[in-house]
Amino acid sequence: MNIILLGAPGAGKGTLASKIVDEYKLPHISTGDIFRENIKNQTPIGVVAKSYIDKGQLVPDEVTCQIVEERLTREDCKNGYMLDGFPRTNAQAEALDKITNVELVINIDVDFSLLMGRLCGRRVCKDCGESYHITRLNGATTCSRCGGELYQRKDDNPETVQSRLDVYNAQTAPLIEYYTKQGKIFNVNGSTTPEDVFEKVAEKLNALRK
Ligand code: AMP
C-alpha cells in the first residue's frame with residue numbers, strides 16, 4: 001500500500017501514523033521527523049531546514065523532494081510506504097507522481113479553530129515521537145509508550161503555528177483538489193478522537209488490502 005497522510009498541522013497525522021504503522025507494518029516516512037533528525041545531527045540539510053522550520057515556512061521543494069526520492073528507493077519501501085507531511089506543495093506532488101504510484105491519500109479534516117490549541121499544548125516523546133496534549137497528561141513528563149522524555153517542539157509556539165497554518169492554507173490545501181481529481185482522496189473527520197479516526201481509516205485500508 002502506497003499511502004499519503006494529508007492534513008493541516010495539528011490535524012493528527014503523526015498520531016494516526018503511529019497507529020497505522022503498528023497495524024499495517026508500513027515504513028513511516030515523515031519529512032518533518034527527517035528534518036528534525038538532521039537538525040539534531042547538525043548536517044548540512046539540517047542547517048538549511050532549521051532556518052525555514054523556525055519561521056514556520058516550508059523547506060524548499062528541491063531539498064525536500066531529494067530526501068523523499070532517496071528514501072523511497074530503500075528496501076523497506078518495496079511493499080509500500082506511508083508518507084506523513086509530504087507532499088505539501090503542487091510541485092512536490094508532481095515530483096512524487098513521476099517516481100511512484102500513490103494509491104490512497106487520507107485527508108484528515110479538522111475544524112481550524114481547534115488547531116492552535118492542539119499544537120501549542122502538544123508534547124512529543126524524544127525517543128519514539130508519540131504525541132500528547134497537556135490536558136491529557138495529568139502532569140506526566142514521560143512517554144506512556146516507551147518511557148522517553150516529553151518535550152515541546154520549538155515550532156509549536158503561537159507565532160510559528162499561525163505561520164504554519166497560513167502556509168498550509170496557501171500551499172498545501174490545494175492538494176486536496178489535486179488528489180480529488182485523481183480519485184485518490186479519502187476524507188476523514190479529525191475533530192473526533194484518535195481511536196475514532198483510526199477505526200474509519202482502518203476500514204478503508206482493509207478494503208484496499210484485499
Ligand atoms: P511537521 O513535523 O510535518 O509538522 O513538519 C515540521 C516542519 O518541517 C514544517 O513546518 C516545515 O517547515 C518542514 N517540512 C516538513 N515537511 C515538509 C515538506 N513536505 N515540504 C517542506 N517543508 C516541510
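Whatever order the structure lists ligands and atoms in, that order sets their numbers, starting from 1. The model shown is predicted, which means the values in this text are computed figures rather than measured ones. The residues of the chain are indexed from 1 along the displayed sequence.
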Inset, instruction - Check whether the side chains of T43 and N41 place a donor and an acceptor atom closer than 3.5 Å, and report yes or no. - result: no
Legend entry - T160 side chain to N157 side chain, donor-acceptor N/O pair below 3.5 angstrom: yes
Inset, instruction - Give, for atom CG of D84 and atom OG1 of T31, the distance between the pair rounded to the nearest 0.5 Å. - result: 7.0 Å
Legend entry - Backbone N/O of R88 and side chain of Q92: donor-acceptor pair under 3.5 Å: yes
Legend entry - With D54 via side chain to side chain donor-acceptor pair (under 3.5 Å) - residues at least two apart: K50, K154
Inset, instruction - In plain terms, say whether K181 and E177 are close enough for a salt bridge, that is, a side-chain N and a carboxylate O under 4.0 Å apart. - result: yes
Legend entry - Per-ligand residue contacts, ligand 1, heavy-atom threshold under 4.0 Å: T31, G32, F35, R36, I53, Q57, L58, V59, T64, G85, F86, R88, Q92, R153, D155, R164
